[in-house]
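Reviewing the structure listed below.
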Amino acid sequence: MNRKKVRDIVFYLHRSIGFCVGLLLIVVGLTGSLLVFEQDFDHFMISQQYGHITPQQVQLSPESVVNTIEAKYPARGDFHLFRIYLPDTPSSPYVGQLSSTDVQRKEVFVNPHTGKIIGER
């Protein structure tokens, strides 16, 4: 085997392996970015889907929000409240998480200023 043929084979292998590794790094980078910014994407999607919350001076207590959610979804029904997330900012909603006996989950979004349920998913 002459020197030029060996060089061409090594060059082809180097280019092919570099291309595959490059694609793998792109996929790892993009999926990692999605994981890092998941909460920001989620807040954006909630505001786009259910509307923007206008901040007001008075914010409801978590107890009143729990009462609102439990009034809409009674514990004896399919779903029961097991977790509530407080708003991160004045323009983000309370998020109540509900679960059922057959392991289905539902999120309920409540306006922190009016106490109105603005949506669920």
Side-chain angles (χ1 to χ4, degrees):
M1 207 184 261
N2 64 12
R3 193 173 188 167
K4 181 168 178 11
K5 196 170 190 176
V6 171
R7 183 187 181 284
D8 290 343
I9 292 171
V10 170
F11 181 73
Y12 175 76
L13 285 173
H14 177 75
R15 182 176 52 188
S16 301
I17 292 170
F19 182 73
C20 292
V21 170
L23 285 177
L24 180 67
L25 288 175
I26 288 172
V27 169
V28 168
L30 288 176
T31 56
S33 296
L34 288 174
L35 289 173
V36 167
F37 296 110
E38 177 185 13
Q39 194 172 24
D40 294 329
F41 290 135
D42 195 38
H43 286 308
F44 176 75
M45 293 304 294
I46 290 169
S47 67
Q48 291 298 312
Q49 194 169 14
Y50 302 114
H52 182 72
I53 295 173
T54 304
Q56 298 173 2
Q57 289 182 349
V58 179
Q59 187 170 345
L60 297 173
S61 68
E63 292 84 16
S64 63
V65 173
V66 167
N67 293 336
T68 301
I69 294 173
E70 287 179 344
K72 171 107 177 178
Y73 303 94
R76 63 188 174 282
D78 289 343
F79 289 95
H80 68 280
L81 182 68
F82 74 95
R83 181 179 298 154
I84 188 163
Y85 290 103
L86 303 177
D88 297 337
T89 64
S91 62
S92 53
Y94 279 100
V95 180
Q97 290 190 340
L98 306 166
S99 74
S100 68
T101 54
D102 58 351
V103 193
Q104 291 183 358
R105 299 274 172 108
K106 184 182 285 195
E107 288 183 323
V108 178
F109 304 102
V110 180
N111 187 317
H113 307 290
T114 63
K116 179 183 171 196
I117 294 177
I118 57 176
E120 62 183 40
R121 69 173 176 185

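On a predicted model such as this, the values are computed, not experimentally measured, just so you know.
Considering all non-hydrogen atoms of both residues, L60 and Y94 come closest at O-OH, 2.7 Å. In terms of heavy-atom proximity, I46 sits nearest to P93 at CG2-CG, 4.2 Å. Contact between H113 and P90 at its shortest, heavy atoms only, is NE2-O, 2.9 Å. The minimum heavy-atom distance between P112 and P87, with the atom names listed, is CB-CG, 3.9 Å. The minimum heavy-atom distance between G119 and Y50, with the atom names listed, is CA-CE2, 3.6 Å.
In this structure, CD in Q49 is found 10.0 Å from CD1 in I118, a value given to the nearest 0.5 Å. A distance of 11.5 Å separates CZ in F109 from CD1 in I117, rounded to the nearest 0.5 Å.
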Exercise. Please report the C-alpha distance between F82 and R105 in whole Å, then the side-chain angles of each, then the deciding distance to 0.1 Å, and finally whether the side chain to side chain contact (heavy atoms under 4.5 Å, CB included) criterion is met.
Key: CA-CA 10 Å; F82 74 95; R105 299 274 172 108; 3.4 Å; yes
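When each of N67, V65, V66 is paired with I69, the side-chain contact (heavy atoms from CB on, under 4.5 Å) condition holds for V65 and for no other.
At a threshold of 4.5 Å between non-hydrogen side-chain atoms, the residues S99 and H80 count as touching. When side chains are defined from C-beta on, H43 counts as touching D88, because their heavy atoms get closer than 4.5 Å.
Using a 4.0 Å cut-off between a side-chain N of Lys or Arg and a carboxylate O of Asp or Glu, D42 and R121 qualify as a salt bridge.
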